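One structure below.
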Amino acid sequence: MHLIAERRPWWTLLVLALAAIVILAFMISLAVSIGEISIPLSTTAKAVSNRLFGTGFELSRIHQGIVWDYRLSRALVAASAGASLALSGVILQALLRNPLAEPYVLGISAGASTGAVCIMILGLGYGILGLSGGAFLGAIVAFLFVGLLATGVGGTSERIILCGVAGSQLFNALTSYIVTTSANAEQARGVMFWLLGSLSGVRWPDVYLSGPVAILGFAVCMAHVRVLDAFIFGTDAAASLGIAVRRAQIVLLGVTAFMTAAVVSIVGSIGFVGLVIPHAARFMVGPSHDRLLPAAALAGAIFMVGADIVSRIIIPQQILPIGVVTALFGAPAFAIILYRARRTA
C-alpha cells in the first residue's frame, strides 16, 4: 500500500469511470429483468418511465408492479450496500495499515447483527432505536470492544485483526444464543436466513435509507482524502502534516460503523465485499484515495448487484442468501491476499 505507485493518465481513469457507470446501469437493468418471471429490458424501461415521467406505456399491472415495487428497489439497495461496504473496507485498510481489514473481519458486522437481533427478537428499545439504531449501537459496541481488547494486547495492526476475529466470534455467538433461546421456529428461520445476507424483503423505504447513507459516507470519505493518504504512512506521519489524528480517526471510524450498521439492518451480515473490492479497485486505479474511493464505490455496487443476480439464478426455483454468494467469490480472494502478504513479508 504505497503511494509511490505509477499514476494512470487522467483520460484512462475517465474511460474506466464511464465504463463502470455504464456497467452498473446495465447490471441494475439486468437484475430488474431476471427472475422467475423474465421481463424484457424494453418492458423494464417502459415501467420505470411510467413511474418517473408518467409516460403511460401500455403494460400489465403485474409487470409494472414486479419492476417498480420489487426488483428495482432490490437492485438499488444491493448497489448502495456494495458501495458502503467497499468504502468501509478502504477506510479501515488505510487507518489500520493492514490489507486484511474490513468490517466483517473486525467484528463490526457481527456486532451490528447482534444489535439488530436484540431489537427484532428481544424488543429492546424497539420504540426508541428501531432496527437501524439497534444495528448501529451494536456496531459501536463491537468496535469499542475490539479497540479495548487490541489496546490491552499492544495495538499493532496484526493484533487488531486477531482481536477483530475474536470479537466477531463472540458477537456471532451472542446472536446465535439470542435466536436459539428467545425466538420461535419461524422467527429463527427468518433471522438466520437474514443473517446470511438477504435482499428478499427490501422495498423502497430501504432504498431511502441505504442510498442516502452511501452518498453521505462517500461525501465524508472524499472530504478526508488527504487524511487517508497520510494515514497510509502511519499516525506519526499524519500528525507531522498537521492532521488532527484523533478527530480524523473518530470521524472516519464513526462513518464506517454508520454505513456498516445501515447495511446490516437492511440486508444482514455480508462478508468479503469490504475486503476484496478495495484491492481490486486499487489494482485498477492505484492507491491514491481521490481515485480509489470512487472506484471502490462503483466496483462494490457492481459486485453486489452481480452477486444478487447470481443468487437468483444459480439454483433453479431457489434464492441463495447473497452472503453465501459473496463468500464463494471472496474466500478464494482472501486466500490470495494472505498468500501475497506472506510473500512480501
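Index from 1, following the sequence. These numbers come from a predicted model, not from an experiment.
In this structure, T180 contributes its side chain and Y177 its backbone to no donor-acceptor pair below 3.5 Å. The backbone N or O of H63 lies less than 3.5 Å from a partner atom in the side chain of S60, making a donor-acceptor pair. A distance-only check finds a donor-acceptor pair linking the side chain of S240 to the backbone of A237 [under 3.5 Å]. Under a 3.5 Å cut-off, the side chain of S49 and the backbone N or O of A45 do not form any donor-acceptor pair. Within the 3.5 Å criterion, the main-chain N or O of V179 finds no donor-acceptor partner in the side chain of S182.
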Could you list the donor-acceptor pairs under 3.5 angstrom formed by side chains in residues 15-35, with sequence neighbours left out?
residue : atom : partner : partner atom : Å
S29     : OG   : A25     : O            : 2.9
S33     : OG   : S29     : O            : 3.0
S33     : OG   : I39     : O            : 3.3
S33     : OG   : T44     : OG1          : 3.2

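A 6.0 Å sphere centred on CZ of F136 holds more than 12 heavy atoms belonging to other residues, nucleotides or ligands. In F258, the CZ atom is not crowded: 12 or fewer heavy atoms of neighbouring residues, nucleotides or ligands sit closer than 6.0 Å. For I37, the CD1 atom is loosely surrounded, since the number of other residues' heavy atoms within 6.0 Å does not exceed 12. The neighbour count for I62 CD1, taken as heavy atoms of other residues, nucleotides or ligands under 6.0 Å away, does not exceed 12. More than 12 heavy atoms of other residues, nucleotides or ligands sit less than 6.0 Å from atom OH of Y70.
Contact record, A142 with I108: CB-CA, 4.5 Å, taken as the closest heavy-atom pair. Here the shortest heavy-atom pairing between L292 and P287 reads CD2-O, 4.0 Å. Between N50 and G56, the shortest heavy-atom distance links the atoms OD1-N, 3.1 Å. Taking each heavy atom of A78 and L199 in turn, the nearest pair found is CB-CD1, 3.8 Å. Across all their heavy atoms, I322 and A307 have their closest contact at CG1-CB, 3.9 Å. When all heavy atoms of H289 and P294 are compared, the pair lying nearest together is O-CD, 4.1 Å.
Note that CZ of R312 and OG of S200 are 9.5 Å apart. Values are rounded to the nearest 0.5 Å. Note that CD1 of I315 is 4.0 Å distant from CG of L320, once rounded to the nearest 0.5 Å. Rounding to the nearest 0.5 Å gives a distance of 7.5 Å between CG of D206 and OG of S73. To the nearest 0.5 Å, atoms CE (M120) and CD1 (I178) are separated by 10.0 Å. Separating the CG atom in L252 from the CG atom in L95 is a distance of 5.5 Å, to the nearest 0.5 Å. One distance of note links CG of L174 with SG of C118; it measures 8.0 Å at 0.5 Å rounding.
Two residues are said to be in side-chain contact when any heavy atoms from C-beta on lie closer than 4.5 Å; E102 and S88 fail this criterion. Two residues are said to be in side-chain contact when any heavy atoms from C-beta on lie closer than 4.5 Å; T55 and K46 fail this criterion. L72 places a side-chain heavy atom less than 4.5 Å from the side chain of W204. The shortest side-chain heavy-atom distance between V267 and I270 falls under the 4.5 Å cut-off. Between F233 and R97, the closest side-chain pair of non-hydrogen atoms is not below 4.5 Å. V276 places none of its side-chain heavy atoms less than 4.5 Å from the side chain of F303. Counting heavy atoms from C-beta on, the side chains of V273 and Y104 never come closer than 4.5 Å. Between P103 and L92, the closest side-chain pair of non-hydrogen atoms falls below 4.5 Å.
A chain of hydrophobic side-chain contacts below 4.5 Å, direct or via other Ile, Leu, Val, Met, Phe, Trp or Tyr residues, connects L106 to L253. No continuous path of hydrophobic side-chain contacts links I161 to L148 [ILVMFWY only; heavy atoms under 4.5 Å]. Linking ILVMFWY side-chain heavy atoms closer than 4.5 Å, directly or via other members, places L216 and V225 in a single hydrophobic cluster. Residue V245 is grouped with residue V251 when hydrophobic side chains (ILVMFWY) are merged at heavy-atom distances under 4.5 angstrom, including chains of intermediate members. Connection of L196 to I319 is not established within any shared hydrophobic cluster, with ILVMFWY side chains joined at heavy-atom distances below 4.5 Å, either directly or through further cluster members.
Annotation: side-chain hydrogen bond (donor to acceptor under 3.5 Å, both in side chains) contacts involving residues 112-123, sequence neighbours excluded, comprise T114-T175.
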#### Entry: Evaluation steps, side chain to side chain donor-acceptor pair (under 3.5 Å), between T260 and S109
CA-CA 6 Å; T260 303; S109 294; 5.4 Å; no
#### Entry: Stepwise side-chain contact (heavy atoms from CB on, under 4.5 Å) test for R226 and L241
CA-CA 10 Å; R226 177 172 170 267; L241 295 174; 4.1 Å; yes
### Task
Would you check, one step at a time, whether the test side-chain contact (heavy atoms from CB on, under 4.5 Å) holds for L52 with W68?
CA-CA 10 Å; L52 292 180; W68 185 263; 3.6 Å; yes
### Message
Apply side chain to side chain donor-acceptor pair (under 3.5 Å) to residues Q93 and R282 and explain how you reach the verdict.
### Response
CA-CA 12 Å; Q93 288 171 14; R282 198 174 287 112; 3.1 Å; yes
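Under 4.0 Å is where a charged nitrogen must lie from a carboxylate oxygen, and between D308 and R74 at least one such pair does.
In this view, R71 satisfies the salt bridge (charged side-chain N to carboxylate O under 4.0 Å, His left out) rule with no residue, not counting sequence neighbours.
If you check the side chains of R61 and Q64, you find no donor sitting under 3.5 Å from an acceptor.
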